Amino acid sequence: MPELFHVKPPGEILQVGESRLHVLAEGDGPVVVLCGGLAGNWFDWDDCARHLQSDHTVVRFDRPGFGLSEPSSDVPTVRGEAQRIRDVLDTLGLTGSAVVVGHSIAGFYVEGFARLFPDRAAGMLLLDSSAEKEPKRLFPRDLLLIASRAAAASFSTTGLQRLLGTTTRKILNQSVPPSGSSEATLEWVRKIYREPHYLEAAMIEYVAYTDMALELTALRRSSKHPLPDIDLSVVAAHTGHTTPWSIAWMAKQQKLATYLGGSFHVLRPAHHHAMIDQPEELANLIRRLTQPNRRDDT
């Protein structure tokens, strides 16, 4: 089956700051920004976005190196990614406030956005978010960055990435859309997960995790950057199978909700990429943030 190099991107390639990013803006109404987790792509949110775009302006974008966005040599930071969310909105002419949704590591990014740009945050939802109470750096970051770039280059030049890219996706992302994955999505997966810059960007974002956790901790402790008075939800994914790990994870997510002063919800059955497993249920939880008077448990 031919690769999709000739297919028009579903969104637009826009100049956002110093980066050329793949950006989608669909629908009309209150603005919602959907931010994917580590190495996330726009299509992970496809079904959730469809449930929202009838009465919302839904914004998605691929961070540099992921999806169809051009790569960057910059190492991600919480401030940088918070600024990127604002820059995407400004580039689209959406200069009001928005509900920001962050999955996994992007929980750091949307919380940073709310703290750094409080006038732009109308609400916040953290989906199975990364959460660190006392992050510690075990190895020098610069050393890890060198090793990660070398490993990514090796996997690419030896052909291992092309051979194992889609298999790695299946191992790391076990979520399945309610109606199954479309052939177009499967083709995008086959193309994107084989791109050398995609693997490098993923490894660099992973290496930057501890530093970003430390950065967010500093923001939380700073009197200059309190959370604005907005509706906030922490949503955890539960497979439906109770294990010691799942019990610990639910407790960690509930503590995060308590710490931030938000509500706590569980999506089940769902894997870590719960926006794929339970798109309609997640859309309903997001809608409760954009429509504060709506408190039904749909």
Side-chain angles (χ1 to χ4, degrees), residues 21 23-24 30-42 44-45 48-49 52 56 58-64 66-67 69 76-89 97-118 120-132 135 173 175 202 205-206 208-209 212-213 215-217 219-220 225 227-228 230-237 249 252-253 255-257 259-267 270-279 282-283 285-290:
L21 303 181
V23 181
L24 293 87
V31 179
V32 175
V33 184
L34 304 177
C35 300
L38 192 150
N41 302 288
W42 85 90
D44 295 329
W45 297 95
C48 183
L52 287 169
H56 293 79
V58 184
V59 176
R60 294 176 279 167
F61 65 93
D62 297 321
R63 294 190 296 279
F66 303 138
S69 291
T77 64
V78 171
R79 286 179 180 272
E81 295 307 325
Q83 182 69 54
R84 196 185 313 280
I85 295 171
R86 180 180 178 178
D87 288 347
V88 167
L89 291 171
S97 60
V99 168
V100 285
V101 180
H103 170 244
S104 194
I105 198 173
F108 290 173
Y109 306 154
V110 300
E111 184 180 341
F113 174 83
R115 291 182 182 276
L116 293 168
F117 308 110
R120 303 295 296 273
M124 182 170 75
L125 186 146
L126 306 180
L127 175 61
D128 227 34
S129 177
S130 300
E132 299 294 337
N173 184 347
S175 297
E205 190 169 45
Y206 179 77
Y209 177 91
M212 291 194 289
E215 185 184 359
L216 181 60
T217 298
L219 279 176
R220 287 173 173 174
H225 300 294
L227 274 177
I230 56 176
D231 285 339
L232 187 160
S233 295
V234 173
V235 181
W249 183 250
K252 191 173 190 178
Q253 294 290 297
K255 286 180 181 177
L256 178 62
Y259 173 77
L260 296 175
S263 60
F264 178 66
H265 309 271
V266 179
L267 289 179
H271 295 88
H272 180 52
H273 291 76
M275 65 283 209
I276 298 177
D277 288 312
Q278 298 284 2
L282 178 59
L285 290 173
I286 295 170
R287 190 170 276 111
R288 291 172 65 170
L289 297 178
T290 64

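The figures here come from the full heavy-atom set of this structure, side chains too, leaving out hydrogens, waters and symmetry mates. Worth saying up front: this structure is predicted, and the values here are computed from it rather than measured.
- Between Asp87 and Leu21, the closest side-chain pair of non-hydrogen atoms is not below 4.5 Å.
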Handout entry: Worked verdict on Ile276 versus Asp44 for side chain to side chain contact (heavy atoms under 4.5 Å, CB included)
Key = CA-CA 6 Å; Ile276 298 177; Asp44 295 329; 3.9 Å; yes
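- Smallest separation of non-hydrogen atoms from Ile230 and Ala121: CG2-O, 3.3 Å.
- Taking every heavy atom of both residues into account, Thr290 and Pro30 meet most closely at CB-CB, 4.1 Å.
- Between Val32 and Leu289, the closest side-chain pair of non-hydrogen atoms is not below 4.5 Å.
- Residue Leu227 holds its CG atom at 10.0 Å from CG of Leu219, rounded to the nearest 0.5 Å.
- Without hydrogens or angle criteria, Asp231 side chain to Gly123 main chain gives no donor-acceptor distance under 3.5 Å.
- Taking both residues in full, the closest heavy atoms of Ser129 and Gln253 are given as O-NE2, 2.9 Å, listed atom of the first, atom of the second, then distance.
- In this structure, the side chains of Ser233 and Leu285 stay at 4.5 Å or more apart for every pair of heavy atoms.
- At a threshold of 4.5 Å between non-hydrogen side-chain atoms, the residues Arg79 and Leu116 count as touching.
- Here Glu205 contributes atom CD and Leu38 contributes atom CG; the two are 4.5 Å apart, rounded to the nearest 0.5 Å.
- Nearest heavy-atom pair, Cys35 versus Ala106, reported as atom, atom and distance to 0.1 Å: O-CB, 3.5 Å.
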Practice task
Step by step, work out the side chain to side chain contact (heavy atoms under 4.5 Å, CB included) result for Phe264 and Leu256.
Solution key: CA-CA 9 Å; Phe264 178 66; Leu256 178 62; over 6 Å; no
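- Side-chain contact between Glu111 and Leu260: present, with at least one pair of heavy atoms (C-beta onward) separated by less than 4.5 Å.
- The distance from atom CG of Leu34 to atom CG of Leu125, rounded to the nearest 0.5 Å, is 9.5 Å.
- The environment of NZ in Lys255 is sparse: at most 12 heavy-atom neighbours from other residues, nucleotides or ligands sit within 6.0 Å.
- Within the 4.5 Å cutoff, side-chain heavy atoms of Arg84 are placed close to those of Pro64.
- How far CG of Leu89 is from CZ of Phe117: 10.5 Å, rounded to the nearest 0.5 Å.
- A donor-acceptor contact shorter than 3.5 Å links the side chain of Arg63 to the backbone of Gly37.
- The shortest non-hydrogen separation linking Gln278 to Ala270 is CG-CB, 4.0 Å.
- Using the six-membered ring where Trp is involved, His103 and Trp45 have ring planes that are perpendicular, over 60° apart on the 30 and 60° scheme.
- Asp128 and Trp249 get closest at one heavy-atom pair: OD1-NE1, 2.7 Å.
- With rounding to the nearest 0.5 angstrom, the CD1 atom of Ile286 is 4.0 Å from the SG atom of Cys48.
- The environment of OH in Tyr259 is crowded: more than 12 heavy-atom neighbours from other residues, nucleotides or ligands sit within 6.0 Å.
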Problem - Stepwise side chain to side chain contact (heavy atoms under 4.5 Å, CB included) check, Asp277 with Leu267 - result: CA-CA 9 Å; Asp277 288 312; Leu267 289 179; over 6 Å; no
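- A distance-only check finds a donor-acceptor pair linking the side chain of Ser175 to the backbone of His273 [under 3.5 Å].
- Ring orientation note: the planes of Phe108 and Tyr209 are tilted relative to one another, at an angle of 30° to 60°.
- Atom NE2 of His265 is separated from atom CG of Leu126 by 11.0 Å, given to the nearest 0.5 angstrom.
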Practice task
Determine, step by step, whether Ile105 and Tyr206 satisfy the side chain to side chain contact (heavy atoms under 4.5 Å, CB included) criterion, reporting the C-alpha distance in whole Å, the side-chain angles of both residues, the deciding distance to 0.1 Å, and the verdict.
Solution key: CA-CA 9 Å; Ile105 198 173; Tyr206 179 77; over 6 Å; no
